[in-house]
Amino acid sequence: MIAILDYGSGNLRSAQRAFETSGKEVVLTSDYDIALNADGLVVPGVGAFAACMQGLAGVRGDQLVRERIALKRPTLGICVGMQILFSHGVEHGNHDGVGVWDATVEKLDAPILPHMGWNTVSVGSGSSLFKGVENESFYFVHSYAVKKKVGAVATMSHHGEDFLAAVEDGVIAATQFHPEKSGDAGLHLIKNWVDGL
């Protein structure tokens, strides 16, 4: 079973439909125990870093993510759900994140923001998430990002400057883009993640 964490942020229904294409049972939940014990946990996120962190803390999601990592249970962050996994974010002030990776989510230095639409990625060596979709484009909507490589496998993209498009690091992975809005390539990536559970 895959749990999509419902903490008041994210287009949960489109994420649910996309993950259901993998053939797995998918539930939307804010229940700590269900989310903790699911085969895979998805942390979506739309909006500002601080608001997402506040919502996450409201369902003890920060503790949940850390406990799942300790128990070696797979977790996937999407968009702002990726950003809040870092130690800090500077959108509308300085805010602490979950702290899985030590990096700051900063405003992109780009002529047009938000970075909205399809973009290619430069896939990190040894990626299992992007297997079969290394040369595809994915759908982004964001103005903030991490600008350095972290984790075991770092996949980058470019909009004004290089930024982190995805991370794979043991049982935890994250994408700055929306796989559920990225057509067949996104569904393929989701299936890759599910097949690795």
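Quantities reported herein were computed from a predicted structural model and do not represent experimental measurements.
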Exercise: identify the closest heavy-atom pair between Glu161 and Asp109: OE2-N, 2.7 Å
Within the 6.0 Å centroid threshold, strictly below: Phe138 and Phe130: yes
Hydrophobic cluster membership, Leu64 vs Ile4, 4.5 Å side-chain cutoff: no
4.5 Å side-chain heavy-atom contact, Asp162 and Ser122: no
Spacing of CD1 belonging to Ile190 relative to NZ belonging to Lys24, to within rounding of 0.5 Å: 14.5 Å
Pair Asn94-His88, side chain to side chain contact (heavy atoms under 4.5 Å, CB included): steps then yes or no: CA-CA 7 Å; Asn94 288 305; His88 298 97; over 6 Å; no
Other residues, nucleotides, ligands: >12 heavy atoms within 6.0 Å of Leu113 CG: yes
Asp169 side chain vs Ala152 backbone, donor-acceptor pair below 3.5 Å: yes
Smallest separation among heavy atoms of Leu108 and Ala145, with atom names: CD2-CB, 4.1 Å
Donor-acceptor contact present, side-chain Thr155 to main-chain Gly124, <3.5 Å: yes
Spacing of Ser127 atom OG and Leu189 atom CG [to the nearest 0.5 Å]: 7.5 Å
Note, Asp6 side chain near Thr29 side chain (heavy atom, < 4.5 Å): no
Side-chain heavy atoms of Cys79 within contact of Phe140, under 4.5 Å: no
Return all side-chain donor-acceptor pairs below 3.5 angstrom for residues 42-62, not counting sequence neighbours, or 'none' if the list is empty.
none

Side-chain heavy-atom pair Ser137, Thr120 within 4.5 angstrom cut-off: yes
Side chain proximity check, Trp193 to Pro74, heavy atoms < 4.5 angstrom: yes
Flag side-chain contact, heavy atom, 4.5 Å: Ser30 against Tyr7: no
Under the side-chain hydrogen bond (donor to acceptor under 3.5 Å, both in side chains) test, residues paired with Gln63 that sit two or more places apart: Tyr32
Minimum heavy-atom distance between Val26 and Gln16, given as atom pair plus value: O-NE2, 3.7 Å
In one Ile/Leu/Val/Met/Phe/Trp/Tyr side-chain cluster, 4.5 Å: Leu197, Phe19: yes
Residues His142, Val80; criterion side chain to side chain contact (heavy atoms under 4.5 Å, CB included); working and verdict: CA-CA 8 Å; His142 65 116; Val80 186; over 6 Å; no
Met116 versus Val141, closest heavy-atom pair with distance: CE-CG1, 3.9 Å
Main-chain N/O of Gly132 paired with Glu134 side-chain donor or acceptor, under 3.5 Å: yes
Note, Leu71 side chain near Leu36 side chain (heavy atom, < 4.5 Å): yes
Distance in Å, Phe163 CZ paired with Lys147 NZ, rounded so as to fall on 0.5 Å steps: 11.0 Å
Can I get a per-line list of side-chain donor-acceptor pairs under 3.5 Å for residues 171-181, giving both atom names and the distance, sequence neighbours left out?
from   : atom 1 : to     : atom 2 : distance (Å)
Thr175 : OG1    : Phe177 : O      : 3.0
Gln176 : OE1    : Gln83  : NE2    : 3.1
His178 : ND1    : Glu180 : OE2    : 2.8

Joint hydrophobic cluster, Ile2 plus Leu129, side-chain heavy atoms closer than 4.5 Å: yes
Atom of Lys148, atom of Leu164 and distance for their closest heavy-atom approach: O-CD2, 3.7 Å
hydrophobic_cluster_shared for Val100 and Val153, side chain cutoff 4.5 Å: no
Closest heavy-atom pair and its distance - Thr75, Arg68: OG1-NE, 3.1 Å
Heavy-atom donor-acceptor pair, Asn192 side chain to Lys131 backbone, under 3.5 Å: yes
CZ on Arg13 to CG on Leu28, rounded to 0.5 Å: 5.0 Å
Intermediate values then yes/no, side chain to side chain contact (heavy atoms under 4.5 Å, CB included), Asp184 and Glu136: CA-CA 9 Å; Asp184 289 344; Glu136 300 294 334; over 6 Å; no
Whether Arg73 side chain and Ala38 backbone form a donor-acceptor pair below 3.5 Å: no
Any Thr21 side-chain heavy atom under 4.5 Å of Arg17 side chain: no
Member of Asp96, Asp102, Thr104 meeting the side-chain hydrogen bond (donor to acceptor under 3.5 Å, both in side chains) criterion with Ser87: Asp102
Verify same cluster id: Met82, Ile78 (apolar side-chain graph, 4.5 Å): no
